[in-house]
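Proteins come first, then strands; the chains are lettered A, B, ... in the order of their sequence lines, and each starts at number 1.
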2 protein chains.
Amino acid sequence: MLSKKTQYALKALGMLAGSYGNGPVLISAIAEGKNIPIKFLEIILLDLKRVGILDSKKGKGGGYYLLQHPKKTNLATVIRQIGGPIALIPCVSLNFYEKCEDCDEATCGVNKVMAQTRDATLKILEKRTLADLIDG
Amino acid sequence: MLSKKTQYALKALGMLAGSYGNGPVLISAIAEGKNIPIKFLEIILLDLKRVGILDSKKGKGGGYYLLQHPKKTNLATVIRQIGGPIALIPCVSLNFYEKCEDCDEATCGVNKVMAQTRDATLKILEKRTLADLIDG
DNA sequence: TTATTAGTCTATTAAATTAGTAGAGTAATT
DNA sequence: AATTACTCTACTAATTTAATAGACTAATAA
C-alpha cells in the first residue's frame, strides 16, 4: 500500500497536470479540490518542489505548478521520491536496495519471485506519467 | 513493501515447500534455517494454520507441514491472508476494497493507473506458488 | 504414568512510522 | 504598506510493526 502522503501527492500532481500551462494553482485550491488536509498538503508540495517536480510562486497570483510537461515525469520516479521503494522486499529494490541478512540472494526463491513482481510493476509505473493522472 | 511478518511467512513456506512429503518440520528448524525470531515465527505459523495453508502435529516427531502440494497454493493468496492488500491503494483492491472518499472513482486518473498496476502484479503473484519459493 | 517433546495461547511492550496540527516567518505583488 | 501566499520549525496523537515472556496443552514413548 502507498502511504496517504504518496496518495495525496499523486492526486495533487494529477490536478496540477490538468492545469498545466495555466499558471500556478493555490495550495488551498488543491486541498479543496482533492480533499487533502491543507497543512499536510503543504509538506507534500514542498517535498515535490525539493525533488524538482514542482516549482512555486509566492504572493498574489502565486501557487504551485509543474516544472515540466506532465508527460516528462513518470510515476515510478514520483513514488520513489515521496513514498520510497516500489519493490516488495528490500533485497530486490533497485533504488533502495538492502542486503538480505537471512539468505543467499543468489539462490533464494523469495528473492526471485519478488524480482519478477518488481519488474511487472515497474513496467507499468515507468511508462505512466503525470498526464495519466488527469481525471476524465 | 511487505511487512517483516509477511516476508518471514514466505521464507518459512519456502522451506516447508522444500521438504513437502517428508513429514513435519520443527518450528525451531525453520527459525534457525531462515533466521527468524522463533516467538515471532510461532505467531506466523499459527496464522498460516488458521487460514488453512499449514497443519501441525504436537509431541515428538511433531512440527508444521503443508496441507496441500506446494503448487496448489499461489502467492497472492498467502500475501493477502498474512499481509493484507496487494493493490497500492484501497479503492482498487479486489479483496480489501474501500471506497475512496476523495474522488469519483469512475473518472479518477490515480484509480485507473493503480488498477493497471494491480493487474500487472497479480498476473505474477497468482501464477507463482509455494513451489516457486523453494531455494535452489 | 511420568518424562519429554513441541505446538498453543494470552498478554505485554518498545520502536518506528504515519498522519496530521500549530504557529511564526518570509517573499512577492499591488 | 497591505495583502496574499508559500516556507519552516516543532510538535503530537494514533497506529502499526516487530517482537518478547511465560504459562498452558496435547501427543508420544519409555
Side-chain angles (χ1 to χ4, degrees), chain A residues 1-12 15-16 23-51 53-67 79 82-85 88-90 96 98 101-102, chain B residues 1-12 15-16 23-51 53-67 79 82-85 88-90 96 98 101-102:
Chain A
M1 281 277 170
L2 299 177
S3 65
K4 225 82 167 90
K5 183 176 180 182
T6 308
Q7 293 178 45
Y8 289 154
L10 293 173
K11 296 225 164 175
M15 185 155 168
L16 290 169
V25 181
L26 292 181
I27 296 180
S28 59
I30 302 172
E32 282 162 34
K34 294 296 182 176
N35 229 318
I36 304 172
I38 191 163
K39 295 301 281 184
F40 198 13
L41 180 59
E42 286 177 5
I43 295 169
I44 294 164
L45 293 174
L46 271 175
D47 281 352
L48 288 168
K49 180 178 175 178
R50 275 189 209 106
V51 299
I53 292 171
L54 298 182
D55 204 354
S56 64
K57 267 188 73 176
K58 287 186 173 182
K60 186 155 197 176
Y64 277 94
Y65 55 93
L66 289 179
L67 212 48
I79 291 174
I82 301 301
L88 291 179
I89 55 178
F96 299 85
E98 283 173 49
E101 307 297 335
D102 309 334
Chain B
M1 281 279 172
L2 299 178
S3 66
K4 225 84 166 88
K5 183 177 180 182
T6 308
Q7 293 178 45
Y8 289 155
L10 293 174
K11 297 225 165 176
M15 184 154 169
L16 290 169
V25 180
L26 292 181
I27 296 180
S28 59
I30 302 172
E32 282 161 35
K34 294 297 183 176
N35 228 320
I36 304 172
I38 192 162
K39 295 300 281 184
F40 197 14
L41 180 59
E42 286 178 4
I43 295 169
I44 294 165
L45 293 173
L46 271 174
D47 281 353
L48 288 168
K49 181 179 175 178
R50 275 189 209 105
V51 301
I53 293 171
L54 298 181
D55 205 354
S56 62
K57 266 188 71 176
K58 287 187 176 181
K60 185 154 196 176
Y64 277 93
Y65 54 94
L66 288 179
L67 212 49
I79 291 174
I82 301 300
L88 292 179
I89 55 178
F96 299 84
E98 283 171 49
E101 307 297 336
D102 309 332

Nucleotide dT18(C), atom C1' - distance to CE of M1(B) in whole Å
16 Å

Without decimals, in angstroms, what is the distance between K49(A) NZ and dA5(D) P?
16 Å

Given the options L46(A), L41(A), L26(A), Y64(A) meets side chain to side chain contact (heavy atoms under 4.5 Å, CB included) only with L46(A)

Distance, rounded to the nearest Å, where Y64(A) contributes OH and dT4(D) contributes C1':
15 Å

Distance check, rounded to the nearest 0.5 Å: I36(A) atom CD1 versus I27(A) atom CD1?
11.0 Å

Each nucleotide N or O in nucleotides 21-27 of chain C that has a protein N or O under 3.5 Å away: list the pair and distance.
from: dG23(C); atom 1: O6; to: K39(A); atom 2: NZ; distance (Å): 2.3
from: dT26(C); atom 1: O2; to: K58(A); atom 2: NZ; distance (Å): 3.4
from: dA27(C); atom 1: O4'; to: K58(A); atom 2: NZ; distance (Å): 2.9

When rounded to whole Å, the NZ to C1' distance for the pair K4(A) and dA14(D) reads 14 Å

Could you check how far NZ of K57(A) sits from C1' of dT7(D), rounded to whole Å?
17 Å

Picking from dC9(C), dA6(C), dA19(C), which would you name as closest to the side chain of R50(B)?
dC9(C)

Side chains of Y8(B) and K34(B) in contact at under 4.5 Å (non-hydrogen atoms):
no

NZ/K4(B) to CD1/I89(A) distance, rounded to the nearest 0.5 angstrom?
10.0 Å

Calculate the interatomic distance between Y8(A) atom OH and dG20(C) atom P; express it in whole Å.
4 Å

Atom NZ of K60(B) to atom P of dG7(C): distance rounded to whole Å?
13 Å

Please confirm whether the shortest side-chain N or O distance from S28(A) to OP1 or OP2 of dA5(D) is below 4.0 Å.
no

Judged by each residue's nearest nucleotide on DNA chain C, which is more toward the 5′ side, G62(B) or G61(A)?
G62(B)

Should L67(A) and L54(A) count as side-chain neighbours, where that means a heavy-atom distance under 4.5 Å?
no

When you compare the side chain of E101(A) with that of N35(B), does any pair of heavy atoms fall below 4.5 Å?
no

Side-chain N or O of S56(B) closer than 4.0 Å to phosphate OP1/OP2 of dT8(C)
yes

To the closest 0.5 Å, what do you measure between CZ (R50(B)) and CG (L45(B))?
11.0 Å

Whole angstroms only, please: what is the CG-P distance between L41(A) and dC6(D)?
10 Å

A9(B) and L48(B): which non-hydrogen atoms are nearest, and at how many Å?
CB-CD1, 4.3 Å

Heavy-atom distance under 4.5 Å between the side chains of L88(A) and M1(B), does that happen here?
no

Angle of first-five versus last-five pair axes in the helix from dT1(C)-dA30(D) to dT30(C)-dA1(D), to 10 degrees
10°

